[in-house]
Amino acid sequence: MPLAHELLDWLRAPGWRGHLLALIAGALTTLSFTPFDIWPLGLLSIALLYQGLQRLEGRQALWRGWCWGLGLFLSGVSWIYISIHVHGYAAPALAALLTGGLVAGLALIPALTAWLWARWLRPQSGPWLASLGFAALWVGQEFFRSWFLTGFPWLYQGYAHTDTWLAGWAPIGGVWLLSFITVFSACLLSHGGLWRRWKNALAMIAALLGIWGAGGLLTGIEWTRPAGEPLSVALIQANIEQSRKWDPAHIDHTLATFRDMSYAQRRDTDLIVWPETAVPVLSSSAMPFVQGVAANLASQGTTLITGIPVDEDDQGQLRIYNGIMVAGSEPNVYLKHKLVPFGEYVPLEQWLRGMIAFFDLPMSSFSRGPLQQDPLQAAGYQLAPFICYETVYPDFAARLARRSQLLITISNDSWFGESIGPMQHLQMARMRALESGRWMIRGTNNGVTALIDHQGRITARIPQFQQLALHGWVQPRDGQTPWLRWGNWPLGTLMAVVLLLCFVKRRNDRR
């Protein structure tokens with residue numbers, strides 16, 4: 001035990017040893033997510049950060065939080081390097097520099113959180129209030145990350161619990177409620193003082209078992225109900241290489257691949273889904289092809305849904321959108337609202353365009369679609385559409401899910417290569433199904449293509465990096481989960497009250 005005590009002293013003391021331990025702790029959170037799924041490490045990660053801030057003030061807390069964030073984002077979004085180097089054609093050193101700059105910038109958010117906690121909110125006594133306060137502040141920074149500079153809602157603590165008892169809380173308060181419970185549990189368990197007296201330890205264990213156990217019981221509740229008959233679907237995973245996707249010499253082959261794979265599907269298929277920008281041609285030129293395929297499929301009772309770049313003339317100015325279209329005699333289209341920086345638009349474009357190849361990627365000048373759009377209409381049902389990155393925004397996804405019976409997301413995760421990125425993306429899609437109590441259709445270019453039921457379980461999937469079609473059934477559902485009905489207002493109110501109490505207690509403790 002002497003080593004454990006020494007490590008704990010390093011963790012709580014100012015200096016580089018504590019910062020190094022925080023860096024390692026941050027990386028542990030990544031191991032709690034898919035594909036690793038070692039969810040207890042997420043609890044340990046937060047506990048180590050929380051204890052590491054107990055005796056720090058101001059600047060030292062800022063550095064401690066930054067090191068923890070550096071460990072989290074360096075390990076958790078390392079796939080960004082692949083996007084910049086392999087598909088953005090940046091030299092390894094430049095790709096590493098750009099990735100490092102982004103990671104260092106993202107780490108400033110946990111750094112600010114740690115500073116706020118140490119400087120203004122950390123009570124000097126009361127483990128219960130302190131644990132609740134840190135959990136509230138933590139979810140506050142996750143809220144902040146969901147919208148600041150268009151948002152980067154990746155690696156939330158709650159995502160580690162798609163397969164634990166806590167999953168039952170997702171339809172109540174979304175992934176943020178799971179984050180709140182996770183952080184609260186980790187902080188409370190790390191308070192050594194609560195373990196020294198058996199009554200306090202018993203109360204803590206009973207409270208946590210009650211919260212986690214209630215989540216297990218909630219998984220048995222059907223918040224939504226079936227609407228109509230199940231639909232048969234086929235998801236076309238054409239596995240088109242990213243380097244050839246926009247190559248004019250390869251476009252005919254791409255279109256023929258999607259067409260032929262679609263025609264080969266069973267005649268009793270209700271929906272055939274092509275992935276994001278499956279049609280690498282502007283809609284004004286591609287419609288004869290798309291409508292021709294759609295008409296042939298419609299003759300056997302099948303509806304085609306495809307990703308396609310949509311071009312429109314806006315008062316003499318050409319605008320191009322990343323779209324998803326239900327093709328047919330009366331096509332309906334959704335235009336992507338949440339665009340990926342540099343992949344779909346270039347911030348500070350007038351200065352960055354032309355500097356390096358990464359800032360001149362094909363189709364990186366998309367316009368932003370309207371925030372308020374209607375669900376797609378297909379096979380007699382309302383489908384809430386999300387294109388790639390949009391499925392990782394909890395409140396944004398809930399907006400369309402409220403008015404839909406199914407969720408559909410199309411993506412092109414080729415940008416991630418063989419990294420952990422696609423698996424993280426899949427886990428977040430599972431959380432959206434859990435929150436809304438609706439099935440999700442997830443069609444991708446090279447994986448992970450899957451069907452997800454209303455409880456977040458994968459019912460069918462096909463391997464990555466193979467040219468295959470996924471067949472399965474989805475069940476449209478009606479009704480509203482508490483999350484869809486109330487959003488984050490109940491949790492946000494609780495957080496505000498807890499943080500106010502922490503602030504007042506902090507001031508009183510210092511008098």
Side-chain angles (χ1 to χ4, degrees), residues 34 159 162-163 167-168 170-172 174-175 218-237 265-266 268-276 302-307 324 326 334 374-388 390-394 396-411 425-444 447-462 469-485:
T34 298
Y159 283 124
T162 48
D163 294 301
I172 306 291
V175 66
L218 287 169
T219 57
I221 296 179
E222 294 283 337
W223 297 102
T224 56
R225 59 191 178 278
E229 296 298 320
L231 298 176
S232 60
V233 298
L235 310 182
I236 307 301
Q237 181 176 288
Q265 305 312 307
R266 296 196 299 256
D268 62 349
T269 302
D270 294 308
L271 299 175
I272 287 182
V273 179
W274 296 357
E276 180 185 11
T302 302
T303 300
L304 173 65
I305 303 177
T306 182
I324 176 173
V326 179
Y334 169 80
D374 292 327
L376 295 175
Q377 306 280 337
Y381 294 99
Q382 308 258 67
L383 280 64
F386 313 108
I387 300 177
C388 190
E390 291 182 318
T391 196
V392 307
Y393 290 84
F396 177 82
R399 182 180 289 108
L400 277 174
R402 292 186 186 101
R403 298 182 283 148
S404 307
Q405 287 87 42
L406 284 168
L407 312 180
I408 181 170
T409 178
I410 58 172
S411 184
H425 205 182
L426 174 66
Q427 189 170 39
M428 288 183 273
R430 293 179 60 200
M431 185 62 72
R432 300 292 86 81
L434 256 171
E435 292 167 342
S436 62
R438 281 155 174 74
W439 285 63
M440 174 172 281
I441 301 167
R442 187 170 196 268
T444 71
V448 180
T449 298
L451 299 176
I452 304 167
D453 75 6
H454 63 294
Q455 293 185 327
R457 298 171 300 201
I458 297 173
T459 61
R461 64 185 289 181
I462 50 180
L470 172 63
H471 294 272
W473 295 83
V474 294
Q475 174 62 65
R477 298 184 72 87
D478 276 327
Q480 304 286 305
T481 63
W483 164 250
L484 293 187
R485 193 179 304 277

Please lay out, stage by stage, how Leu235 and Ile462 fare under the test side-chain contact (heavy atoms from CB on, under 4.5 Å). CA-CA 10 Å; Leu235 310 182; Ile462 50 180; over 6 Å; no
Start with the C-alpha gap between Met428 and Val175, add the side-chain angles, then the distance that decides, and say whether side-chain contact (heavy atoms from CB on, under 4.5 Å) holds. CA-CA 9 Å; Met428 288 183 273; Val175 66; over 6 Å; no
Under the side-chain contact (heavy atoms from CB on, under 4.5 Å) rule, what do Thr481 and Glu435 come out as? Steps first, then yes or no, please. CA-CA 7 Å; Thr481 63; Glu435 292 167 342; 5.8 Å; no
Checking Ile172 against Trp223 for the side-chain contact (heavy atoms from CB on, under 4.5 Å) test, could you report, in this order, the C-alpha distance in whole Å, the side-chain angles of both residues, the deciding distance, and whether it holds? CA-CA 10 Å; Ile172 306 291; Trp223 297 102; 3.4 Å; yes
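Counting heavy atoms from C-beta on, the side chains of Ile410 and Trp274 never come closer than 4.5 Å. Side-chain atoms of Ile458 and Leu426, non-hydrogen and from C-beta on, do get closer than 4.5 Å to each other. Using a 4.5 Å heavy-atom cutoff, the side chains of Thr459 and Trp473 are not in contact. Using a 4.5 Å heavy-atom threshold, the side chains of Val273 and Arg442 count as separate. The side-chain heavy atoms of Arg432 and Thr409, taken from C-beta on, include no pair separated by under 4.5 Å. Side-chain contact between Asp270 and Ser232: present, with at least one pair of heavy atoms (C-beta onward) separated by less than 4.5 Å. Inter-residue side-chain proximity for Val474 and Leu271 is flagged as unmet; no heavy-atom pair is nearer than 4.5 Å. Considering only heavy atoms from C-beta on, Leu407 stays 4.5 Å or farther from Ile452 through its side chain.
Minimum interatomic distance between Ala170 and Trp483 (heavy atoms only, all atoms of both residues): O-CB, 4.0 Å. Between Gly479 and Arg438, the closest heavy-atom pair is O-NH2, 2.7 Å. Here the closest non-hydrogen pair linking Ala234 and Thr269 is N-CG2, 3.8 Å. Across Glu390 and Pro385, no two heavy atoms sit closer than the pair OE1-O, 4.4 Å. Closest of all the heavy-atom pairs between Arg461 and Ala450 is CB-CB, 3.9 Å. The two residues Gly168 and Leu218 make their nearest non-hydrogen contact at O-CB, 3.4 Å.
Just one of Gln405, Arg225, Gln382 meets the side-chain hydrogen bond (donor to acceptor under 3.5 Å, both in side chains) condition when paired with Asp478; it is Gln405.
Listed for the Gln427 side chain is a donor-acceptor partner under 3.5 Å among the backbone atoms of Thr34. Remark: side-chain polar atoms of Arg402 are paired, donor with acceptor, to backbone N or O of Leu484 under 3.5 angstrom. Between the side chain of Tyr381 and the backbone N or O of Ala227, at least one donor-acceptor pair lies under 3.5 Å.
Of the inter-residue distances, the one linking Gln265 atom CD with Ile236 atom CD1 reads 4.0 Å to the nearest 0.5 angstrom. Expressed to the nearest 0.5 Å, how far NE2 of His425 lies from OG of Ser411 amounts to 5.0 Å. Note that the CD atom of Gln475 and the CG atom of Leu451 stand 13.0 Å from one another [nearest 0.5 Å]. The distance from atom CG of Leu406 to atom CG of Leu376, rounded to the nearest 0.5 Å, is 11.0 Å. Atom CD in Gln455 sits 8.5 Å away from atom OG1 in Thr224 (nearest 0.5 Å). Atom CD of Gln377 is separated from atom OG of Ser404 by 9.0 Å, given to the nearest 0.5 angstrom.
Within 6.0 Å of atom CD in Glu229, 12 or fewer heavy atoms from other residues, nucleotides or ligands are found, so the atom counts as exposed in its surroundings.
A search for side chain to side chain donor-acceptor pair (under 3.5 Å) contacts involving Thr444 returns Thr449, not counting sequence neighbours. Judged as a salt bridge (Lys or Arg N to Asp or Glu O under 4.0 Å), and not counting sequence neighbours, the contacts of Arg266 are Asp268.
The pair Arg477-Glu222 meets the salt-bridge criterion, with a side-chain N (NZ, NE, NH1 or NH2) lying under 4.0 Å from an Asp/Glu carboxylate O.
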